[in-house]
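To start, the structure under review is shown below, and the notes come after it.
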2 protein chains.
Amino acid sequence: MHTRALNTPTAMPVSFPRSERLAPGVANPALGGNACTRCRLRQRCLPTGLSEENLREFSTLIFSPRRVKAGQALYRAGDAFDAIYLVRRGFLKSIMLGEAGREQITGFHTEGDVVGIDAIGSERRTTEMVALEDSEVCGIPYARLEDMSRHIPALQRYLHRQLSEEIVRNHSMMFLLGTMRAEERLASFLLSLSERLTARGFSPSEFILRMTREEIGSFLGMKLETVSRAFSKFQREGMILVESKHVRLLDPEALQRLIGRQAQPQ
Amino acid sequence: MHTRALNTPTAMPVSFPRSERLAPGVANPALGGNACTRCRLRQRCLPTGLSEENLREFSTLIFSPRRVKAGQALYRAGDAFDAIYLVRRGFLKSIMLGEAGREQITGFHTEGDVVGIDAIGSERRTTEMVALEDSEVCGIPYARLEDMSRHIPALQRYLHRQLSEEIVRNHSMMFLLGTMRAEERLASFLLSLSERLTARGFSPSEFILRMTREEIGSFLGMKLETVSRAFSKFQREGMILVESKHVRLLDPEALQRLIGRQAQPQ
DNA sequence: CGTAAGCTTGACAAAGTTCAACGATTGTGG
DNA sequence: CCACAATCGTTGAACTTTGTCAAGCTTACG
């Protein structure tokens, strides 16, 4: 039935950009110093423009990959902030906790993403990072990264770009939460998910949601029932096919149009 | 009535990042290169822990203060990103523009704040910064700041702290927009405004709003009528006194309680 | 195989928006 | 300096969107 690879943990991407693959499951030679240069994600996660020597030096920074099982936390609010992480495999959510048991998901993260960078400047974590499926991350001790970025300009630029991207993402999220209605939010969510998966070599139109309706709702600032109804409506109107976690976008332009219409001057 | 001296920095062209390309960051003759050490805001806006020498060097980075009149833009979306700014006086809003004329205010800024830092990593501005009252900002060319932060660790830390604070602020905003109801948002807004003003030595309980109801609404993701009604309700219940832009907090604890109650487990 | 978790849907309630009217304030040009 | 226009703020009433509660169904899992 499916002709395209889905974004399941087992499926390999169909057209992985510059596919440079290590046999899946092969243990990373612990701190080999050049582990990164052989990583299948190096195009995506490493700073560009490093010399061979710099790359080797950078490589020594990195902790050997750490596993985080589904449901487990990579870090919790209150933990000391001492490292940022590169997601090597899997899928995670970051959560912000407030008073009265209120909480909100502030992001979903998958392979190639840098996570945990938001705590820079504070001593402790203010958010929590929890795996939604079995995942693997590479830690980079932040103090050493900061040091090293002082004499490797490309690394400094890399760090700043990551921070900047975090800020830009947050801004679009504020925009979404501040100006869009429920259906627009969901449409926007689906399109951006599709975009991110495409950039990783997966099918742009068909994917598996790794999170529950409740988690989508938390992220988008709405209740799970509203998420569910919006999914059903999109399906009824022929824009998507949805069956539980399995989604297929039939008419992305329609979703885009749904977002675009609103509010003209005067 | 203000007196206007035509040969002061006041007369700077509005579009200076584009046209005024020469000598960015050259020490301002009028201010003698150590202007910062004598600035009334130095405790608040400068990096801490700089040696005398470093401080002097940092000082040479800074453009002489530039005025932005109420209603004018410091920069617009699409402008080249080449500097960040320290607000020396006044009050500004940052705006994010979307399709279909949608827009959202993503922040309000006043003296001592660092603004325009969000575009790091991109070539161009993605947001717009507009003065709500006559304001004055000091520009810092970003490229040179990045350079200099390489050999002055305290400066690097300063930069990272600013970025981090931006991220943390954005997260609380996402939390507010994602989990709070209209009245909670407004209460939260008032309390944080009070907090910020207190930190600047103003009265914690009485202040003048520099923005309209519509701007508050845009920031908080609600309509101006809803803002107005919430104000009226707070007043009716004795929590605040409000008369147009003039606000007095009578019972901050009640506002705090209003936010705190909601949602228990199971 | 039974229980828990997740998803969908309906009916109703609550919150927020829209539209409209009107008063107050501000700013501008005569 | 006044008069007029424009902007801003408040409030009511009708309406729309979203949340709440409840039921039933499916799927996952021990």
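- Looking at A/Leu74 and A/Val137, their side chains come closer than 4.5 Å, going by heavy atoms from C-beta outward.
- With DNA chain D read from its 5' end, the first of the two nearest nucleotides for A/Ser244 and A/Lys223 is the one closest to A/Lys223.
- Nearest nucleotide to the side chain of A/Arg229, out of C/dT8, C/dA11, D/dG12: C/dA11.
- When each of B/Arg210, B/Lys93, B/Lys245 is tested with B/Glu215 by the rule salt bridge (charged side-chain N to carboxylate O under 4.0 Å, His left out), just one qualifies, namely B/Lys93.
- Between A/Glu243 atom CD and C/dG6 atom P the separation is 18 Å, expressed in whole Å.
- Atom-to-atom, CZ of B/Phe234 to C1' of D/dT10 comes out at 16 Å; the value is rounded to the nearest Å.
- Contact annotation for A/Thr212: backbone-only contact, meaning every heavy-atom pair under 4.0 Å involves sugar-phosphate atoms and none involves a base.
- For A/Glu111 and A/Arg89, the salt-bridge test fails: no basic side-chain N is under 4.0 Å from an acidic carboxylate O.
- Rounded to whole Å, the distance from CG on B/Leu220 to P on C/dT17 is 11 Å.
- In terms of phosphate contacts, B/Thr226 brings a side-chain nitrogen or oxygen within less than 4.0 Å of OP1 or OP2 of C/dT17.
- Note: CE (A/Met222) to P (C/dA15) measures 19 Å, nearest angstrom.
- Below the 3.5 angstrom threshold, one finds a donor paired with an acceptor across the side chain of A/Glu225 and the base of D/dC21.
- Separating the CG atom of B/Leu177 from the C1' atom of C/dG16 is a distance of 15 Å, rounded to the nearest angstrom.
- Considering only heavy atoms from C-beta on, A/Glu103 stays 4.5 Å or farther from A/Ser218 through its side chain.
- Between the CD atom of A/Glu214 and the C1' atom of D/dG19 there is a distance of 14 Å, rounded to whole Å.
- In this structure, A/Phe219 has its ring center closer than 6.0 angstrom to the ring center of A/Phe108.
- Nearest nucleotide to the A/Arg213 side chain, out of D/dT10, C/dC7, D/dT18: C/dC7.
- In this structure, B/Ser232 reaches the sugar-phosphate backbone alone: every heavy-atom distance under 4.0 Å involves primed, P, OP1 or OP2 atoms, never a base.
- The distance between atom CD of B/Glu184 and atom C1' of D/dG19, rounded to the nearest whole Å, is 13 Å.
- Atom CG of B/Leu186 and atom P of D/dG9 are 13 Å apart (whole Å).
- Of all nucleotides listed (D/dC8, D/dT10, C/dC7), D/dC8 comes nearest to the side chain of B/Lys245.
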